[in-house]
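The structure appears below as structure tokens.
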Amino acid sequence: KLHRNVLYRLTIYQVFTAMLFGGALVAFTTAITKSFDSFAIGLFGVASYIGWVKVMDALCLTVHLFALVVCHKNLKRFELVYIVASLIVSVPFGVVSAVLFKRSRSNATANTTMYEVLFSPFLVILIFCSLASIFVGVTLCCRVWRKKEHSLL
């Protein structure tokens, strides 16, 4: 019965991408220790892609929770948009990370570029999700507080 609720389905997508991300990282570390260079670069691109899908899933889940709790809007009709956006927006990050990883293997300055390109958007999304989650939590606590106040009177 849980699969009927959009929030539960979005959470299931999170768990699924976490499992894929873990598998891709294990395969990447195995390939890098066995020195399969071109295979490791491809696996790094796949792991980065899956990682970015996970980040975008978290962003979509946070937006949905924020709209549901704070704005009183149920955005369940946008579930397919969440999924497609997560899959499409993450493609450039996977490709760019594979290219930058290949360059960083031969060039030390490309390593800093890799961190700037990949982690700047990640930090912006992380800060947004953190602030939105805090706002949702405060809103829910205020609602509970108001209900307790009215029940005491």
Side-chain angles (χ1 to χ4, degrees), residues 1-32 39-104 110-151:
K1 291 184 180 183
L2 293 178
H3 66 277
R4 293 181 185 154
N5 191 333
V6 176
L7 288 174
Y8 290 125
R9 282 195 303 269
L10 290 174
T11 306
I12 289 169
Y13 301 148
Q14 280 277 0
V15 171
F16 183 70
T17 55
M19 291 185 333
L20 286 176
F21 184 65
L25 282 182
V26 167
F28 168 70
T29 54
T30 303
I32 203 102
F39 188 62
I41 291 168
L43 282 176
F44 187 77
V46 169
S48 294
Y49 171 74
I50 294 171
W52 274 101
V53 169
K54 180 142 181 58
V55 169
M56 295 306 295
D57 282 346
L59 178 65
C60 292
L61 183 63
T62 305
V63 166
H64 188 80
L65 279 172
F66 186 83
L68 189 66
V69 172
V70 177
C71 303
H72 303 288
K73 303 252 186 216
N74 193 354
L75 301 177
K76 66 180 174 184
R77 64 183 180 271
F78 290 117
E79 180 182 5
L80 186 62
V81 174
Y82 294 156
I83 296 168
V84 171
S86 296
L87 294 174
I88 291 175
V89 169
S90 303
V91 169
F93 290 106
V95 172
V96 166
S97 64
V99 170
L100 289 176
F101 179 72
K102 183 178 179 181
R103 287 186 188 163
S104 70
N111 205 9
T112 57
T113 307
M114 180 175 152
Y115 290 122
E116 291 169 358
V117 168
L118 294 177
F119 293 120
S120 297
F122 174 74
L123 287 175
V124 170
I125 291 171
L126 182 69
I127 290 169
F128 172 77
C129 288
S130 299
L131 292 175
S133 297
I134 290 170
F135 199 71
V136 165
V138 168
T139 303
L140 289 174
C141 287
C142 288
R143 284 185 193 166
V144 169
W145 183 262
R146 278 189 232 130
K147 281 185 180 181
K148 282 185 179 181
E149 229 175 53
H150 291 297
S151 66

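FYI, side chains are in, hydrogens and waters are out, and symmetry mates aren't considered; it's all heavy atoms of this structure. Residue numbers run from 1 in the order of the sequence given.
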Just verifying a value: how many Å separate [X] [atom1] and [Y] [atom2], rounded to the nearest 0.5 Å?
X: Thr62; Y: Leu126; atom1: OG1; atom2: CG; result: 9.5 Å
X: Ser86; Y: Leu61; atom1: OG; atom2: CG; result: 10.0 Å
X: Phe66; Y: Leu75; atom1: CZ; atom2: CG; result: 11.5 Å
X: Phe78; Y: Ile83; atom1: CZ; atom2: CD1; result: 14.0 Å
X: Leu87; Y: Trp52; atom1: CG; atom2: CH2; result: 15.0 Å
X: Ile134; Y: Thr139; atom1: CD1; atom2: OG1; result: 11.5 Å

### Task
Just do the side chain to side chain contact (heavy atoms under 4.5 Å, CB included) check on Ile125 and Met56 with the steps written out, would you?
CA-CA 8 Å; Ile125 291 171; Met56 295 306 295; 4.0 Å; yes

### Query
Who pairs with Glu79 by side chain to side chain donor-acceptor pair (under 3.5 Å), at least two apart in sequence or on another chain?
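Partners of Glu79 by the side chain to side chain donor-acceptor pair (under 3.5 Å) criterion, ordered by chain and then number, come out as Arg9, Tyr13.
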
### Query
Among all residues two or more places apart in sequence or in another chain, which pass the side chain to side chain donor-acceptor pair (under 3.5 Å) test with Tyr82?
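Expected list: His64.
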
### Query
Is there side-chain contact between Val55 and Leu59, with heavy atoms separated by less than 4.5 Å?
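Not touching, per the 4.5 Å side-chain cut-off.
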
### Query
Has the side chain of Thr17 got a donor or acceptor atom that lies under 3.5 Å from a matching backbone atom of Lys54?
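Not confirmed, Thr17 side chain does not pair with Lys54 backbone.
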
### Task
Could you tell me which non-hydrogen atom of Phe128 sits nearest to which non-hydrogen atom of Val63, and how far apart they are?
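Here Phe128 and Val63 meet closest at CE2-CG2, 4.0 Å.
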
